[in-house]
Amino acid sequence: MKVNGFEVPQATIDTVAAWFPVGRSFRASELSAVLVKLGVPRMDWIADRVADRLLQKWRKAGVIVYSGKKWLRVAT
């Protein structure tokens, strides 16, 4: 995934997915924070945009649902 010229490795995306197992709820800000810990830059909102794109992708795939102001992982 490429965001604002920054290439996010697939290994980073896989690691992020492992941080949020099935049954765990989380906020988009938590997802952004994990991305920053894994080396995605916060500058120019890159980490936030990557988080947003992952949320969109996972929602469309049925992996997460929005419930009570949090995202809930319901599938792998």
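Given the structure is predicted, the values throughout are model-derived calculations rather than measurements.
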Show the nearest heavy-atom pair for residues [X] and [Y], with the distance to one decimal.
X	Y	answer
Gly62	Ala75	O-CB, 3.9 Å
Ala51	Ala28	CB-O, 4.3 Å
Phe6	Gly39	CZ-O, 3.8 Å

Would you say Val74 and Val63 make side-chain contact, with heavy atoms under 4.5 Å?
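Sidechains of Val63 and Val74: no contact.
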
Side chains of Gln10 and Met1: does their closest heavy-atom pair fall under 4.5 Å?
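Not touching, per the 4.5 Å side-chain cut-off.
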
Are Ile13 and Leu38 connected, step by step, through hydrophobic side chains (Ile, Leu, Val, Met, Phe, Trp, Tyr) whose heavy atoms are closer than 4.5 Å?
yes

Within one Ile-Leu-Val-Met-Phe-Trp-Tyr cluster: Val50 and Val36, side-chain cutoff 4.5 Å
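No, because Val50 and Val36 fall into different hydrophobic clusters, even though each may have its own neighbours under 4.5 Å.
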
Quick one: does Thr12's side chain have a donor or acceptor within less than 3.5 Å of a partner on Val8's backbone?
no

Can you tell which of Val65, Leu55, Leu31 makes a side-chain contact (heavy atoms from CB on, under 4.5 Å) with Trp71?
Leu55

Taking only residues at least two apart or on different chains, which pairs with a member in residues 46-56 satisfy salt bridge (Lys or Arg N to Asp or Glu O under 4.0 Å)?
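Counting only pairs at least two positions apart or across chains, the salt bridge (Lys or Arg N to Asp or Glu O under 4.0 Å) contacts touching residues 46-56 are Arg49-Asp52.
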
Under the salt bridge (charged side-chain N to carboxylate O under 4.0 Å, His left out) test, residues paired with Arg73 that sit two or more places apart:
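Arg73: no salt bridge (charged side-chain N to carboxylate O under 4.0 Å, His left out) contacts found.
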
Salt bridge (charged side-chain N to carboxylate O under 4.0 Å, His left out) involving Arg24 - partner list, sequence neighbours excluded
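Partners of Arg24 under the salt bridge (charged side-chain N to carboxylate O under 4.0 Å, His left out) test: Glu30.
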
Test applied, ring pair (Phe, Tyr, Trp, His ring centres under 6.0 Å); reference residue, Phe26; option that passes from Tyr66, Trp19, Phe20:
Phe20

Could you give the distance from CD1 (Ile64) to NZ (Lys70), rounded to the nearest 0.5 Å?
14.0 Å

